[in-house]
**Q** 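One structure is given below, represented as structure tokens, and several questions about it will come after.
If you're wondering where the values come from, they're calculated on a predicted model, not measured in any experiment.
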Amino acid sequence: MQQFIMEVCTMSLPIVLGYIVWLLKSRKKDQDANGKGTMLLLRVQLIEYHDRYMKEGHIPSYALENFIEMYEAYHDLGGNGMVTKMYEEVLELEVRK
């Protein structure tokens with residue numbers, strides 16, 4: 001009987017491990033999609049902030065703080081490129097309270 005139990009465990013272990021690996025890969029794919037979606041939403045908002053405040057020629061301190069935090073999150077998610085240039089331009093604006 002003990003040998004039978006060992007054989008069943010030996011045969012089922014790869015199936016269980018395979019299922020766990022599949023679950024982890026599926027979860028990672030979902031997280032990657034969520035991260036990419038978040039990054040794209042941040043990019044849209046960063047572009048809107050940039051366009052608005054560059055046109056005005058100044059930026060309120062609260063908006064600058066939001067812009068910086070959004071940029072840092074965007075950058076941490078892997079975003080860069082044109083938004084980095086926009087970030088640098090916004091940092092040069094006059095800050096009003």
**Q** Taking the side chain as every heavy atom from C-beta outward, state whether Ile68 and Val90 have any pair of such atoms under 4.5 Å apart.
**A** no
**Q** Listing request: all salt bridge (charged side-chain N to carboxylate O under 4.0 Å, His left out) pairs with a residue in residues 62-72, at least two apart in sequence or in separate chains.
**A**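 As it turns out, there is no salt bridge (charged side-chain N to carboxylate O under 4.0 Å, His left out) pair with a partner in residues 62-72 once direct neighbours are skipped.
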**Q** Honestly curious: do Tyr71 and Leu40 fall in one hydrophobic cluster under the side-chain, below-4.5 Å linking rule?
**A**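 No, Tyr71 and Leu40 fall in different hydrophobic clusters.
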**Q** For residues 46-63, tabulate all N or O donor-acceptor pairs below 3.5 Å that involve a side-chain atom, not counting sequence neighbours.
**A**
unit_1	atom_1	unit_2	atom_2	d
His50	NE2	Glu89	OE1	2.5
Arg52	NE	Glu56	OE2	3.3
His58	NE2	Arg96	NH1	3.3

**Q** Leu42 and Ala73: which non-hydrogen atoms are nearest, and at how many Å?
**A** CD1-CB, 3.9 Å
**Q** Connecting only ILVMFWY residues whose side-chain heavy atoms lie within less than 4.5 Å of each other, what is the rest of Leu41's hydrophobic cluster?
**A** none
**Q** State which residues pass side-chain hydrogen bond (donor to acceptor under 3.5 Å, both in side chains) with Thr38; sequence neighbours excluded, sorted by chain then number.
**A** none
**Q** Quick one: do Val95 and Leu93 end up in the same hydrophobic cluster if we chain Ile, Leu, Val, Met, Phe, Trp and Tyr together by side-chain heavy atoms under 4.5 Å apart?
**A**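 Linked within one cluster.
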**Q** What distance do Met39 atom CE and Tyr74 atom OH have between them, rounded to the nearest 0.5 Å?
**A** 5.5 Å
